[in-house]
Protein chains: 2
Amino acid sequence: MSSPAKHNCSVCSLKKICLPTGVGKDELERLEALVQDTKVHHTSDEVIRQESPFRNLYAVKSGMYKSVKLNDLGEERVVGFHLPGDIIGLDAIYTKTYSSSLVALTTSVLCQFNYDQLVLLSAKMPTLQAQLMRLSSKEINIANAFQNAQTAEQKLAGFIHNLSARNAERGFSSTQLILSMSRQDIASHIGMAPETISRILKQFQSNDILIINKREMKILDPARLLISTGCAHA
Amino acid sequence: MSSPAKHNCSVCSLKKICLPTGVGKDELERLEALVQDTKVHHTSDEVIRQESPFRNLYAVKSGMYKSVKLNDLGEERVVGFHLPGDIIGLDAIYTKTYSSSLVALTTSVLCQFNYDQLVLLSAKMPTLQAQLMRLSSKEINIANAFQNAQTAEQKLAGFIHNLSARNAERGFSSTQLILSMSRQDIASHIGMAPETISRILKQFQSNDILIINKREMKILDPARLLISTGCAHA
DNA sequence: CGATGTATTGAGCATACTCAATCAGTGTGG
DNA sequence: CCACACTGATTGAGTATGCTCAATACATCG
């Protein structure tokens, strides 16, 4: 399921978007010391169990994870996908228990931070405190992002555009995407049937907006993709 | 548009859910001193303009506000409704500009906190820092709340249930609700046509789940309302 | 090579939208 | 004081979008 690994924030390529952002070089060591361990997970590994008590924040070091929420009727819903540099668990600070389970979508690595220790440290490090608030604020924006979409086309275009933008933010390609998640997962996340996902992807392909082969996607026309989201005009 | 008013957190009935939560009595004075002013607004007053630079967080003291987002196509969308004790602007910490406009839905009062000063103060007050993180975390949960709803009935039931729960949290009635917003606003917020709102409210009434007269709603059967949200079973 | 999980395609149908008319409540001016 | 317009809410009829159910294709794996 997982094995320990050595860790060092200062050499991590994600420090520009992760917790260390804005933290001074000397202070970084104190933050590093707080990373209790770094674990490797494999596809379908459950890392966090829904309803378990909140203790740690996690940062994605590599790979991809999904958050899955189960309601009282036993229906599953994918709440979000997590890319390298993403902080997981910020929503549980308020509820004191994790509101969803965390599952690895591919071979992935996670860094673990004890929240109480992080708070103690941030009281002494204004830059860390500021970054914690920024990341929390960012999470609110992410959660609100899908509010705009009305039609299935807009929802799916919005999802792809968003994934592309997050990839770009991390220095990855914004046009060449690997969908580590299944169509089923995408469908669950944006609230539509997997069959509709297929049909609209086909439509995007025949309009030369993108090419998709299994789980590899190439965006040909980012501008028209943006128009399809219903957020911008031609 | 607005007139200054005297302010005092210590005697405010909302301190149990607002910024002062967890802050000691002696420290409260320092937080109070930070409230630059308290303004009275009237129906349709625009308090924050979308895209304007972020400087302040706001707390609702009384009444109700809505956040409205305009996209590049000129389409308006209600992003949220704000009840007394709610903190407004947490999403703008990351973006540095307000992502939506704030409009009063009825005669309402707002407290204003300069964010930079709040951060400086929270560096010296761990309890205030903790509450800022808790409130930010809470906001993530609120933003994720509507993810579950599939059908129009579930969306509307979820909206009413949520409003009822937030009312209860503030010590107001959970069964007697005043809808300060229009049907149009509700429709925009939960993403459906105002006509459908009418029809489903009618359906809830004929099923004796609630009674609605203009903008006054009485919830008769909270249990069946919860079932209608699709989050619980009979 | 069959078996399994994932993705796609097809056909029929239901939900919720659009468009249009009506109704109720509020405010304005003659 | 009442006629008129104006806004918001409701009701009705027709339609389209996206879901459901079912079959098929495709890939991976033991």
Partners meeting side-chain hydrogen bond (donor to acceptor under 3.5 Å, both in side chains) with Asn167(B) (sequence neighbours left out): none

Within residues 63-82 of chain A: residues closer than 4.0 Å to DNA chain D (heavy atoms): none

Counterpart residues, side-chain contact (heavy atoms from CB on, under 4.5 Å), relative to Gln154(B) (two or more places apart): Ala149(B), Gln150(B), Thr151(B)

Short side-chain donor-acceptor distance under 3.5 Å, Thr107(B) and His41(B): no

Contacts of type salt bridge (charged side-chain N to carboxylate O under 4.0 Å, His left out), residue Glu51(B), not counting sequence neighbours: none

Rounded interatomic separation in angstrom, taking CZ from Phe204(B) and P from dA9(D): 18 Å

Any donor-acceptor N or O pair under 3.5 Å, side chains Glu153(A), Ser228(A): yes

Partner set under salt bridge (charged side-chain N to carboxylate O under 4.0 Å, His left out) for Lys66(A), not counting sequence neighbours: Asp185(A)

All salt bridge (charged side-chain N to carboxylate O under 4.0 Å, His left out) counterparts of Asp91(B), not counting sequence neighbours: none

Any residue meeting salt bridge (charged side-chain N to carboxylate O under 4.0 Å, His left out) with Arg170(B), in chain and number order, not counting sequence neighbours: Asp86(B)

Nucleotide-resolved protein contact map, nucleotides 18-30 of chain D, B/S/- at heavy-atom distance under 4.0 Å: SSBBB-----S--

Opening and closing nucleotides of DNA chain C in contact with chain A, under 4.0 Å to non-hydrogen atoms: dT6(C) to dA11(C)

Counterpart residues, side-chain hydrogen bond (donor to acceptor under 3.5 Å, both in side chains), relative to Thr43(B) (two or more places apart): none

CD1 on Ile17(A) to CZ on Arg166(A), rounded to 0.5 Å: 9.5 Å

Note: Lys16(B)-Glu169(B) ion pair, threshold 4.0 Å (strictly below): no

Nucleic acid contacts of residues 177-190 of chain A, taken as heavy-atom distances under 4.0 Å to DNA chain D: none

Tyr58(A): side-chain hydrogen bond (donor to acceptor under 3.5 Å, both in side chains) partners, not counting sequence neighbours: Asn56(A)

